[in-house]
A.B. asks: 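Got a structure for you, questions after.
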Protein chains: 2
Amino acid sequence: MIMVIIPPMQRLTIQRQAILDLINSSNRHWDAEEVNRELSDRGQSVGIATVYRGLTALEEAGLIEGIQFYDRKRYERADKSHHDHMLCTVCGHIEEFSHEKIEALQEAIALEKDFEMTGHQLVLFGLCAVCRNASK
Amino acid sequence: MIMVIIPPMQRLTIQRQAILDLINSSNRHWDAEEVNRELSDRGQSVGIATVYRGLTALEEAGLIEGIQFYDRKRYERADKSHHDHMLCTVCGHIEEFSHEKIEALQEAIALEKDFEMTGHQLVLFGLCAVCRNASK
DNA sequence: TGTATAATGATAATGGTTATCATTCCACCC
DNA sequence: GGGTGGAATGATAACCATTATCATTATACA
Ligand SMILES: [Mn+2]
Ligand SMILES: [Mn+2]
Ligand SMILES: [Zn+2]
Ligand SMILES: [Zn+2]
């Protein structure tokens, strides 16, 4: 399961650098298609396959952070401390949060279940403040 | 985002009953293809499109529980109390756990961020006890 | 400067899921 | 009991995010 062989990144090519710069210069959570389109708009078009490979390689190298959302993978800057996400199911807005206690309790329960945790994913679904106000 | 129009289930047909019975008679987390194959093996074959529609309808009716895992959606009995999951990235084994405190803290942080939480998903990734022992 | 290997990009393929549509089923009415 | 309209089915096509293929290009370095 979830077994993908990722060859280590050897070269930070101009394409990968462009992807990295784009992600590092924003607080957004980008999917591959958005990166592809934005780079095209900026006149430094990168092939969609290269975008996918670049994102995978950059994540593997720890230069960006990947999160598997509902149906697509998104990437964000890696220079933020660990956090989880709230996803508005109406407008798609992503809110970030971090909670020491929740993190600690996850570790505790993994230990208790004899499970060697290598990662986790916590996403809260619901309505952001804007959408909630709009719907009443 | 995540906006699917689900017509309410009107009839619990024999196909849907078969899907429901299958899921209710086990503790497994089934994906659509597994349901399809198992029902075929039992001689009560149900078309794959009908399986997908049935699973969606049964979930919508609250008769089964759906969880979006890594790359596919899985379904389990709804008559268990709420819990989250640990997924072994080597063998695919799914371990269940529930943690009052984590649930409560999620509610708290949502409130704090003015976010109306309608659901959440917590998955811990890692190695189950069996796979950890096997790999050393 | 040559060579081996990595990376690119166009494109095909994959795989899970949803849409289409002709057919069948079923609840309800007469 | 037969007719009818809406719901469900199932075969199949389409969709869509992602990965694989492969010929071409770039790059490190012997
Ligand atoms: Mn984030
Ligand atoms: Mn479960
Ligand atoms: Zn919103
Ligand atoms: Zn395992």
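Each chain gets a letter, A, B and so on, in the order its sequence line appears, and its residues count up from 1.
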A.B. asks: Determine, for A/Arg28 against A/Glu34, whether the closest basic-nitrogen to carboxylate-oxygen distance falls under 4.0 angstrom.
C.D. replies: yes
A.B. asks: What residues in residues 46-55 of chain B put a non-hydrogen atom under 4.0 Å from any atom of DNA chain D?
C.D. replies: B/Val46, B/Gly47, B/Ala49, B/Thr50, B/Arg53
A.B. asks: List the atom of B/Gln44, the atom of B/Ala18, and the distance in Å for their closest heavy-atom pair.
C.D. replies: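 Where B/Gln44 meets B/Ala18 most closely, the heavy atoms are OE1-CB, 3.6 Å.
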A.B. asks: What integer distance in Å separates A/Tyr70:OH from D/dA17:C1'?
C.D. replies: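 Answer to the nearest Å: 13 Å.
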A.B. asks: For A/Val90 and A/Val130: C-alpha separation, side-chain torsions, deciding distance, then whether side-chain contact (heavy atoms from CB on, under 4.5 Å) applies.
C.D. replies: CA-CA 10 Å; A/Val90 172; A/Val130 173; over 6 Å; no
A.B. asks: Would you say a side-chain N or O of B/Gln10 is under 4.0 Å from OP1 or OP2 of C/dC26?
C.D. replies: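 No, B/Gln10 has no side-chain N/O under 4.0 Å of OP1/OP2 on C/dC26.
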A.B. asks: A/Arg72 has an atom CZ; how far is it from atom P of C/dG16, in whole Å?
C.D. replies: 18 Å
A.B. asks: Give the residues of residues 23-36 of chain B touching DNA chain D, defined as any heavy atom closer than 4.0 Å, sorted by residue number.
C.D. replies: none
A.B. asks: Please find the pair of heavy atoms, one from A/Leu12 and one from A/Leu20, that lie closest to each other, and give the distance.
C.D. replies: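 In this case the closest contact between A/Leu12 and A/Leu20 is CD2-CD2, 4.5 Å.
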A.B. asks: Kindly give the heavy-atom pair with the smallest separation between A/Cys88 and A/Cys128, and that separation in Å.
C.D. replies: SG-N, 3.4 Å
A.B. asks: Give the rounded distance in Å between these two atoms: CG of A/Leu12 and P of C/dT8.
C.D. replies: 10 Å
A.B. asks: Can you see if the side chain of A/Arg16 gets near the phosphate of C/dA7 - specifically, an N or O under 4.0 Å from OP1 or OP2?
C.D. replies: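 Yes, within the criterion.
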A.B. asks: So, B/Lys80 and B/Glu96, do they make that salt bridge, N to O below 4.0 Å?
C.D. replies: yes
A.B. asks: Using the rule given for side-chain contact (heavy atoms from CB on, under 4.5 Å), can you reason through A/Gln15 versus A/Leu39, listing the C-alpha separation, both sets of side-chain angles and the distance that settles it, and then say yes or no?
C.D. replies: CA-CA 10 Å; A/Gln15 288 89 347; A/Leu39 290 180; over 6 Å; no
A.B. asks: Which whole-number value in Å describes the distance from B/Phe69 CZ to C/dG16 P?
C.D. replies: 16 Å
A.B. asks: For A/Phe97 versus A/His83, what's the shortest heavy-atom pair and its separation?
C.D. replies: O-CB, 3.2 Å
A.B. asks: Determine, stepwise, if the pair A/Leu122 / B/Gln106 fulfils side-chain contact (heavy atoms from CB on, under 4.5 Å).
C.D. replies: CA-CA 10 Å; A/Leu122 173 59; B/Gln106 286 174 21; 3.5 Å; yes
A.B. asks: Can you build the contact string for nucleotides 25-30 of chain D? Use B for base contact, S for sugar-phosphate-only contact, and - for no protein heavy atom under 4.0 Å.
C.D. replies: -BB---
A.B. asks: Could you state the atom-to-atom distance from CD of A/Glu59 to P of D/dT19 in whole Å?
C.D. replies: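 Computing the A/Glu59:CD to D/dT19:P distance gives 11 Å.
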A.B. asks: Starting at CD of B/Gln17 and ending at C1' of D/dT9, how long is that distance when rounded to a whole Å?
C.D. replies: 16 Å
A.B. asks: Quick one: do A/Glu33 and A/Arg72 make a salt bridge, cutoff under 4.0 Å?
C.D. replies: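 No salt bridge links A/Glu33 with A/Arg72.
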A.B. asks: Please report, rounded to the nearest Å, how far the C1' atom of C/dC26 is from the CE atom of B/Met9.
C.D. replies: 16 Å
A.B. asks: Under 3.5 Å, is there a donor on one side chain and an acceptor on the other for B/Glu76 and B/His85?
C.D. replies: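 Their side chains do contain a donor-acceptor pair, which is all the 3.5 Å distance test asks for.
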A.B. asks: So, does A/Gln15 get its side chain near the phosphate of C/dG9, meaning an N or O under 4.0 Å from OP1 or OP2?
C.D. replies: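 Looking at the OP1 and OP2 atoms of C/dG9, one of them is under 4.0 Å from a side-chain N or O of A/Gln15.
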